[in-house]
Amino acid sequence: DNTLKELESDYAPRFLRIHRNSLVNTDFIEALVRDSAGHYAIRLKDQAGEVTVSRRHISDVKEWLDRQ
């Protein structure tokens, strides 16, 4: 029954917020991709798919990737 904000703070830096309603486990991030319309998504390892990154959180995601 925890909020995402509580989970994010309890499990940082293992989880990264990519949308107001989404956290992603950093162990599974393969790449940040941008489509032709300029929208960003996280590509997950092992062909698990892609998850949309909101405009609000793209700078945090890029900052996290720069530190890796």
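We're numbering straight along the sequence, starting at 1.
In terms of the side-chain hydrogen bond (donor to acceptor under 3.5 Å, both in side chains) criterion, Q68 has no residue partners (sequence neighbours excluded).
Within 6.0 Å of CZ in R67 there are more than 12 heavy atoms belonging to other residues, nucleotides or ligands.
Counting all heavy atoms, side chain and backbone alike, L65 lies closest to I29 at CD2-CG2, 4.3 Å.
Y11 and L16 are assigned to two separate hydrophobic clusters, defined by single-linkage of ILVMFWY side chains at heavy-atom distances under 4.5 Å.
Taken to the nearest 0.5 Å, the NE2 atom of H19 stands 11.5 Å off from the CG atom of L4.
A 4.5 Å side-chain heavy-atom check between F15 and L7 finds every atom pair outside the cut-off.
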If you look only at distance, which donor and acceptor atoms sit under 3.5 Å apart when one is on a side chain in residues 38-60 and the other is two or more places apart or in another chain?
| unit_1 | atom_1 | unit_2 | atom_2 | d |
| --- | --- | --- | --- | --- |
| Y40 | OH | K62 | NZ | 3.2 |
| K45 | NZ | D27 | O | 3.2 |
| S54 | OG | H57 | N | 3.4 |

